[in-house]
Amino acid sequence: MNKKFLIPAVGIFLVCLFAIAAYVDQSRSGAGGSEAVEQASSLKRYYSPTTGDVDAKVTIVEFFDPACETCKSFHPFVKKLMAANPGKINLVMRYAPFHQRSDYVVKILEAAKLQDKYWETLEEVYAAQPLWAQHGNPQPEKLWEVLGYTGLDLDRAKKDMQSLSIAKHIQQDLDDAQQLGVTKTPGFFVNGKPLVNFGYKQLQRLVESEVNSKYPG
């Protein structure tokens with residue numbers, strides 16, 4: 001090739017090479033951002049029950065089953081973690097009704113949320129777990145015997161729990177649990193980080209690590 005044309009040709013080649021590299025890098029960044037957004041939406045939905053300071057920098061997401069005995073035992077532990085870090089932790093509850101007929105109880109909880117009675121109903125559901133959640137013979141209808149103590153309008157709740165939107169919420173939570181690899185309950189995520197090694201102390205360490213990171217000093 002004539003040297004007169006060689007230098008411009010090389011220059012054009014290099015420009016094209018840099019353009020391709022920039023496009024690939026941008027595509028990768030876009031894909032990563034898309035994955036991050038997808039994970040964030042899988043962790044929390046607009047309808048998800050939450051408690052704690054809305055401006056808290058640490059978020060615990062818990063996938064739970066109301067019939068799960070371990071979920072029941074972790075519930076007061078999570079509340080203690082929040083009490084030990086006032087204003088710093090927000091708790092998001094997600095459903096993973098893996099046990100037989102647990103979806104019935106989740107529907108009650110969602111109906112209670114419509115009456116602003118979610119958290120007191122959840123407490124009663126856990127307290128009455130031995131009454132209704134016997135392994136092999138669950139009888140969630142027995143919950144109606146005790147839920148009146150929460151102030152819940154039972155007739156309204158029985159009607160509301162049949163709504164199509166509640167059924168969709170449960171299915172969405174199950175889909176998100178599968179997407180996030182949750183196969184057992186409770187399943188915890190702290191600021192998007194899964195609790196890989198399960199246990200009380202492991203959860204405490206993960207939470208405290210995030211609190212110390214977000215609230216240094």
Side-chain angles (χ1 to χ4, degrees), residues 31-100 102-103 105-106 109-110 113 118-127 129-130 133 135 169-217:
S34 176
E35 289 174 2
V37 169
E38 183 177 354
Q39 186 192 37
S41 64
S42 296
L43 284 168
K44 181 181 179 180
R45 297 289 173 177
Y46 70 90
Y47 55 81
S48 301
T50 63
T51 186
D53 195 319
V54 294
D55 296 320
K57 297 178 182 180
V58 177
T59 298
I60 300 174
V61 176
E62 178 185 351
F63 281 85
F64 79 104
D65 184 326
C68 166
E69 294 174 359
T70 308
C71 296
K72 177 184 176 181
S73 68
F74 263 83
H75 185 62
F77 183 73
V78 172
K79 290 197 297 182
K80 286 182 180 179
L81 289 176
M82 296 181 70
N85 298 278
K88 298 178 180 179
I89 299 175
N90 185 256
L91 174 64
V92 178
M93 303 297 286
R94 303 296 306 278
Y95 303 118
F98 297 148
H99 287 75
Q100 183 183 6
S102 287
D103 59 327
V105 183
V106 169
L109 289 169
E110 282 292 281
K113 187 175 67 177
Y118 182 86
W119 298 103
E120 47 265 70
T121 301
L122 178 60
E123 295 288 345
E124 195 62 52
V125 163
Y126 275 145
Q129 200 180 71
H135 294 297
H169 293 171
I170 297 172
Q171 187 57 55
Q172 183 64 67
D173 277 18
L174 283 168
D175 291 344
D176 288 342
Q178 182 179 24
Q179 174 73 23
L180 293 164
V182 177
T183 58
K184 298 178 181 180
T185 54
F188 291 101
F189 295 81
V190 182
N191 281 355
K193 299 175 182 178
L195 181 66
V196 178
N197 298 313
F198 187 77
Y200 293 107
K201 290 189 178 298
Q202 291 88 336
L203 177 60
Q204 183 175 4
R205 282 197 293 266
L206 181 57
V207 170
E208 289 178 349
S209 173
E210 288 301 307
V211 168
N212 292 335
S213 173
K214 300 300 182 181
Y215 297 94

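- Here the two rings, on F74 and F64, have centers that are 6.0 Å apart or farther.
- Atom CD of E110 sits about 12.5 Å away from atom CG of D103, to the nearest 0.5 Å.
- Taking NZ of K57 as the reference point, atom CG of D55 lies at 10.0 Å (rounded to 0.5 Å).
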Just do the side chain to side chain contact (heavy atoms under 4.5 Å, CB included) check on L195 and V190 with the steps written out, would you? CA-CA 7 Å; L195 181 66; V190 182; over 6 Å; no
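- Note that NE2 of H99 is 7.5 Å distant from CD of E69, once rounded to the nearest 0.5 Å.
- In terms of heavy atoms, P186 sits closest to C71 at N-SG, 3.6 Å.
- Contact check on R205 versus E208 returns no salt bridge, with no Lys/Arg side-chain nitrogen under 4.0 Å from an Asp/Glu carboxylate oxygen.
- Taking OG1 of T121 as the reference point, atom CD of E124 lies at 8.5 Å (rounded to 0.5 Å).
- With hydrogens and angles disregarded, a donor-acceptor distance shorter than 3.5 Å links the side chain of S73 to the backbone of T70.
- R94 places no side-chain N or O within donor-acceptor distance of the main-chain N or O of G187, the cut-off being under 3.5 Å.
- Closest heavy-atom contact between M82 and G52: CE-CA, 3.9 Å.
- Under the 4.5 Å side-chain criterion, counting only non-hydrogen atoms from C-beta, V182 is in contact with F189.
- Side-chain atoms of D53 never come within 3.5 Å of backbone atoms of N90 as a donor-acceptor pair (strictly under, hydrogens ignored).
- Once rounded to the nearest 0.5 Å, the distance linking CG of L203 with CG of N197 reads 12.0 Å.
- K72 places a side-chain N or O within donor-acceptor distance of the main-chain N or O of Y126, the cut-off being under 3.5 Å.
- When each of N85, T59, N191 is tested with E210 by the rule side-chain hydrogen bond (donor to acceptor under 3.5 Å, both in side chains), just one qualifies, namely N191.
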Applying side chain to side chain contact (heavy atoms under 4.5 Å, CB included), run through L206 and F188 and close with a yes or a no. CA-CA 10 Å; L206 181 57; F188 291 101; over 6 Å; no
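- The shortest side-chain heavy-atom distance between V105 and D65 does not fall under the 4.5 Å cut-off.
- Distance CE/M93 to OH/Y118: 5.0 Å, rounded to 0.5 Å.
- Between Y47 and H169, the two ring planes are parallel [angle under 30°; tilted spans 30° to 60°].
- Of all non-hydrogen atoms in P49 and K113, the two that sit nearest each other are CG-CD, 4.1 Å.
- Counting all heavy atoms, side chain and backbone alike, L43 lies closest to V61 at O-CG1, 3.4 Å.
- A donor atom on one side chain and an acceptor atom on the other are found under 3.5 Å apart for D175 and Q171.
- Aromatic pair F63/Y95: ring centres not closer than 6.0 Å.
- Heavy atoms of other residues, nucleotides or ligands lying less than 6.0 angstrom from CD of Q178 number 12 at most.
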Between Q172 and D176, does the side chain to side chain donor-acceptor pair (under 3.5 Å) criterion hold? Intermediate values first, please. CA-CA 6 Å; Q172 183 64 67; D176 288 342; 3.1 Å; yes
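- Shown are P97, S102, C68; of these, the side chain to side chain contact (heavy atoms under 4.5 Å, CB included) with T185 is made only by C68.
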